[in-house]
Amino acid sequence: KQEVTQIPAALSVPEGENLVLNCSFTDSAIYNLQWFRQDPGKGLTSLLLIQSSQREQTSGRLNASLDKSSGRSTLYIAASQPGDSATYLCAGSGGDYKLSFGAGTTVTVRA
Amino acid sequence: SAVISQKPSRDICQRGTSLTIQCQVDSQVTMMFWYRQQPGQSLTLIATANQGSEATYESGFVIDKFPISRPNLTFSTLTVSNMSPEDSSIYLCSVPPGQGSYGYTFGSGTRLTVV
């Protein structure tokens with residue numbers, strides 16, 4: 001079973017700065033690596049999905065990379081905005097599609 | 001990507017009672033998952049709901065406490081039985097990514113408070 005770790009637990013940056021969120025996992029046979037956003041009291045919003053054959057995915061200001069050999073994924077958010085303030089969750093699965101979640105990184109972007 | 005309608009969105013229940021949570025998907029899916037998010041924590045998988053067969057439970061979760069139904073490929077229910085305050089959590093259903101989708105889809109969650 002995947003063990004997923006996210007560091008740091010919390011991050012505060014001024015508006016405009018680039019964000020770098022880290023995720024590590026224990027099983028290099030990872031099948032899917034998914035980044036989510038969760039706002040307080042809300043459900044999960046899927047951000048980027050990286051499948052095992054891929055190395056990165058991009059959507060607008062977001063870019064996520066996957067390095068299976070080192071057991072790491074990184075989510076980059078360019079030119080952060082106060083609206084990016086949320087908790088970001090990383091989760092990995094094997095071929096059974098069962099997700100194991102990290103504890104999340106809570107991001108605060110200061111105006 | 002699939003769209004999931006989950007209800008109720010929240011409930012306050014008396015200890016010892018049961019609550020059934022429903023998830024309706026707008027397309028047919030083979031697998032559905034149920035997760036729990038305890039206060040201040042991340043998500044933990046409860047079980048996999050498979051149509052036409054018994055649900056598969058993760059370690060620490062049992063059918064008597066969390067019975068699951070999956071009558072067809074678009075619908076599932078999770079019941080939280082004989083509730084105690086420790087069951088106060090957010091419960092979410094999810095479906096895995098389909099062809100060409102952007103990722104996993106989650107229901108909006110059911111915030112359960114047991115008093």
Side-chain angles (χ1 to χ4, degrees), chain A residues 1-7 9-10 21 23-25 30-54 56-60 62-64 66 73 75 86-106, chain B residues 1-10 21 23 25 29-50 53 55-61 68 88-113:
Chain A
K1 180 183 175 183
Q2 281 285 2
E3 299 288 337
V4 180
T5 303
Q6 291 186 250
I7 296 173
L21 307 180
C23 171
S24 61
F25 49 90
I30 192 166
Y31 192 76
N32 285 316
L33 190 290
Q34 174 89 59
W35 284 92
F36 297 92
R37 169 184 172 139
Q38 186 173 35
D39 293 283
K42 305 288 188 180
L44 272 68
T45 301
S46 289
L47 296 176
L48 293 170
L49 170 70
I50 310 176
Q51 297 175 316
S52 60
S53 60
Q54 301 170 325
E56 68 175 352
Q57 285 286 345
T58 298
S59 177
L62 275 60
N63 174 275
L66 175 64
S73 177
L75 177 67
T87 295
Y88 291 83
L89 296 168
C90 168
S93 81
D96 58 7
Y97 293 97
K98 297 179 181 181
L99 287 171
S100 295
F101 281 81
T105 296
T106 299
Chain B
S1 297
V3 176
I4 301 176
S5 174
Q6 182 174 345
K7 59 182 180 182
S9 59
R10 59 178 63 232
I21 302 166
C23 278
V25 189
V29 292
T30 305
M31 286 185 290
M32 291 181 70
F33 300 101
W34 288 95
Y35 291 84
R36 179 176 74 180
Q37 186 173 30
Q38 294 178 297
Q41 299 190 26
S42 193
L43 283 78
T44 301
L45 179 64
I46 298 172
T48 304
N50 298 304
S53 63
T56 306
Y57 290 84
E58 299 300 305
S59 176
F61 297 96
I68 288 171
S88 297
S89 298
I90 300 173
Y91 294 86
L92 303 101
C93 59
S94 173
V95 299
Q99 288 280 20
S101 79
Y102 291 102
Y104 290 74
T105 302
F106 277 76
S108 54
T110 297
R111 181 179 293 272
L112 171 62
T113 302

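Every chain is numbered from 1 and lettered A, B, ... according to where its sequence line falls, protein lines coming before strand lines.
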Heavy-atom distance under 4.5 Å to chain B: side chain of [X], backbone, both or neither?
X: N32(A); answer: side chain
X: Q38(A); answer: side chain
X: L99(A); answer: both

Among all residues two or more places apart in sequence or in another chain, which pass the ring-ring contact (aromatic ring centres under 6.0 Å, His included) test with F106(B)?
F36(A), Y35(B)
List for me each residue that meets ring-ring contact (aromatic ring centres under 6.0 Å, His included) alongside Y31(A), sequence neighbours excluded, and say none if there are none.
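Y31(A) satisfies ring-ring contact (aromatic ring centres under 6.0 Å, His included) with Y97(A) once adjacent residues are dropped.
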Measuring heavy-atom distances to chain A, does T48(B) have an atom under 4.5 Å in its side chain, in its backbone, in both, or in neither?
side chain
Please classify the contact of Q6(B) with chain A as side chain, backbone, both or neither, using a heavy-atom distance under 4.5 Å.
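Looking at Q6(B), nothing touches chain A.
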Output yes when a side-chain donor or acceptor of S46(A) lies under 3.5 Å from a complementary backbone atom of Y104(B), and no otherwise.
yes
To the nearest 0.5 Å, tell me how far S100(A) OG sits from L43(B) CG.
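Here the rounded value is 11.0 Å.
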CD-OG distance between Q6(A) and S42(B), expressed to the nearest 0.5 angstrom:
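So the CD of Q6(A) and the OG of S42(B) are separated by 7.0 Å.
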Pairwise side-chain contact, L44(A) with T105(B), heavy-atom cut-off 4.5 Å (strictly under):
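No; the side chains remain at least 4.5 Å from each other.
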